[in-house]
Amino acid sequence: MEKRIEELIPKNIFDLSGIDELGKLSDDEILPILPRLLEWMKDMNWPVAKEMPMLLSRHQKVLIPSIIEALQPEQTESDWKTYIIQILLPLLDKDSLLLLKPSLERIAQSPTWGEESEKTDCEARQLLDQMINLSDAGCQNSEDACEGWKKG
């Protein structure tokens with residue numbers, strides 16, 4: 001079955017042929033290819049990328065290690081981190097988000113140069129604010145969230 005699962009991984013940005021079958025896999029079945037599927041969120045303009053957040057969120061319990069890895073400071077693709085935080089993480093349940101809290105706090109408090117230039121740190125702050133229900137009434141968007149944290 002391992003070979004068959006590998007064949008379901010999109011081959012290019014337009015390859016949606018395996019999406020339905022991927023959606024039918026159990027956590028154990030999809031686990032070996034989750035990191036490669038998460039990589040398809042590196043550019044949310046790709047047709048295949050638009051299918052990934054819902055698919056991946058169905059497997060959030062086994063996806064957490066791959067997300068933690070993607071959010072590491074050594075991972076230099078900050079726009080990918082921003083997409084993960086903006087689009088995928090809001091689909092996860094509270095327990096999964098709590099497991100990601102240390103990674104989000106690291107980005108919010110000690111961003112890399114790339115994370116700061118891509119506003120990934122602001123997105124992390126905004127999500128952390130939402131997680132703890134401490135969003136300021138005047139904080140309507142990411143830039144407001146960023147400014148609020150920088151002042152505080």
Side-chain angles (χ1 to χ4, degrees), residues 2 5-6 8-10 13 18-19 22-152:
E2 188 73 32
I5 291 172
E6 291 283 326
L8 297 176
I9 298 170
I13 64 173
I19 296 297
L22 285 167
K24 296 173 186 174
L25 297 177
S26 70
D27 285 352
D28 289 338
E29 291 171 322
I30 203 167
L31 180 61
I33 61 170
L34 277 175
R36 291 174 59 197
L37 295 176
L38 184 61
E39 287 181 9
W40 280 109
M41 287 187 61
K42 288 185 176 182
D43 187 333
M44 291 307 294
N45 294 308
W46 296 338
V48 72
K50 293 174 180 12
E51 301 296 324
M52 289 299 144
M54 287 304 295
L55 171 69
L56 293 170
S57 69
R58 290 185 205 129
H59 302 283
Q60 57 189 285
K61 300 299 183 224
V62 294
L63 179 64
I64 298 301
S66 296
I67 295 173
I68 290 171
E69 184 66 29
L71 297 179
Q72 292 298 307
E74 297 80 24
Q75 174 50 255
T76 59
E77 296 185 61
S78 297
D79 51 344
W80 181 33
K81 294 178 190 181
T82 302
Y83 291 138
I84 290 170
I85 294 169
Q86 280 180 333
I87 300 167
L88 178 58
L89 298 193
L91 300 175
L92 305 186
D93 64 33
K94 181 180 175 183
D95 291 337
S96 294
L97 287 174
L98 287 174
L99 295 172
L100 295 169
K101 189 175 178 187
S103 297
L104 293 169
E105 288 174 334
R106 196 270 318 149
I107 293 170
Q109 296 168 1
S110 300
T112 64
W113 178 87
E115 292 165 348
E116 193 168 2
S117 69
E118 290 290 332
K119 303 272 188 214
T120 310
D121 57 333
C122 298
E123 294 298 332
R125 289 181 193 111
Q126 185 176 37
L127 184 57
L128 285 165
D129 280 348
Q130 291 169 358
M131 287 171 60
I132 58 177
N133 294 322
L134 293 179
S135 292
D136 187 85
C139 185
Q140 299 299 318
N141 60 41
S142 314
E143 289 201 23
D144 289 343
C146 188
E147 291 306 313
W149 269 69
K150 287 180 180 177
K151 291 176 189 171

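Side chains included, hydrogens not; waters and symmetry mates left out as well; all remaining heavy atoms used.
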message: Between Thr120 (side chain only) and Ser78 (backbone N and O only), is there a donor and an acceptor less than 3.5 Å apart?
response: yes
- line: So salt bridge (Lys or Arg N to Asp or Glu O under 4.0 Å) across residues 64-75, not counting sequence neighbours, yields none
- prompt: Do any pairs count as a side-chain hydrogen bond (donor to acceptor under 3.5 Å, both in side chains) and have a residue in residues 48-58, sequence neighbours left out, and if so which ones?
  reply: none
field: Of all pairs that satisfy salt bridge (Lys or Arg N to Asp or Glu O under 4.0 Å), the ones with a partner from residues 80-97, not counting sequence neighbours
entry: Lys61-Asp93, Lys81-Glu115
query: Between atom CD1 of Ile9 and atom CG of Leu22, what is the distance when rounded to the nearest 0.5 Å?
result: 8.0 Å
- prompt: Does anything in residues 50-98 pair up under ring pair (Phe, Tyr, Trp, His ring centres under 6.0 Å), and if so which pairs, sequence neighbours excluded?
  reply: none
Separation of Ile64 CD1 from Leu100 CG (nearest 0.5 Å): 4.0 Å
- prompt: Side chains of Ile67 and Leu99: closer than 4.5 Å at any heavy-atom pair?
  reply: no
statement: dist Leu127:CG -> Cys122:SG (nearest 0.5 Å) comes out at 13.0 Å
query: How far does CD of Glu123 sit from CD1 of Ile84, to the nearest 0.5 angstrom?
result: 12.5 Å
message: Taking Arg125 first and then Asp121, would you say they form a salt bridge - that is, a charged N and a carboxylate O separated by under 4.0 Å?
response: yes
query: What's the shortest heavy-atom distance between Ala108 and Leu128, and which atoms?
result: CB-CD1, 3.8 Å
query: Hey, what do you get for CG (Leu55) to CG (Leu25), rounding to the nearest 0.5 Å?
result: 8.5 Å
task: Would you confirm whether Gln72, through its side chain, and Ile68, through its main-chain N or O, come within 3.5 Å as a donor-acceptor pair?
output: yes
- prompt: With no hydrogens and no angle check, do the side chains of Gln60 and Ser96 hold a donor and an acceptor under 3.5 Å apart?
  reply: yes
message: With rounding to the nearest 0.5 angstrom, report the NZ to OG1 distance, Lys119 to Thr82.
response: 10.5 Å
task: Determine, step by step, whether Ile13 and Asp43 satisfy the side chain to side chain contact (heavy atoms under 4.5 Å, CB included) criterion, reporting the C-alpha distance in whole Å, the side-chain angles of both residues, the deciding distance to 0.1 Å, and the verdict.
output: CA-CA 9 Å; Ile13 64 173; Asp43 187 333; over 6 Å; no
message: With a 4.5 Å cut-off on side-chain heavy atoms, are Arg106 and Ser103 touching?
response: no
message: Does Leu8 form a side chain to side chain contact (heavy atoms under 4.5 Å, CB included) with Ile30? I'd like the steps, not just the answer.
response: CA-CA 10 Å; Leu8 297 176; Ile30 203 167; over 6 Å; no
query: Hey, does Leu104 have a side-chain heavy atom less than 4.5 Å from the side chain of Met131?
result: yes
Show every donor-acceptor pair shorter than 3.5 Å between a side-chain atom in residues 32-42 and any protein atom, with sequence neighbours excluded, or say none if there are none.
| unit_1 | atom_1 | unit_2 | atom_2 | d |
| --- | --- | --- | --- | --- |
| Arg36 | NH1 | Glu6 | OE1 | 2.5 |
| Lys42 | NZ | Glu77 | OE2 | 2.9 |

- prompt: According to the ring pair (Phe, Tyr, Trp, His ring centres under 6.0 Å) rule, which pairs have a member within residues 91-130, sequence neighbours left out?
  reply: none
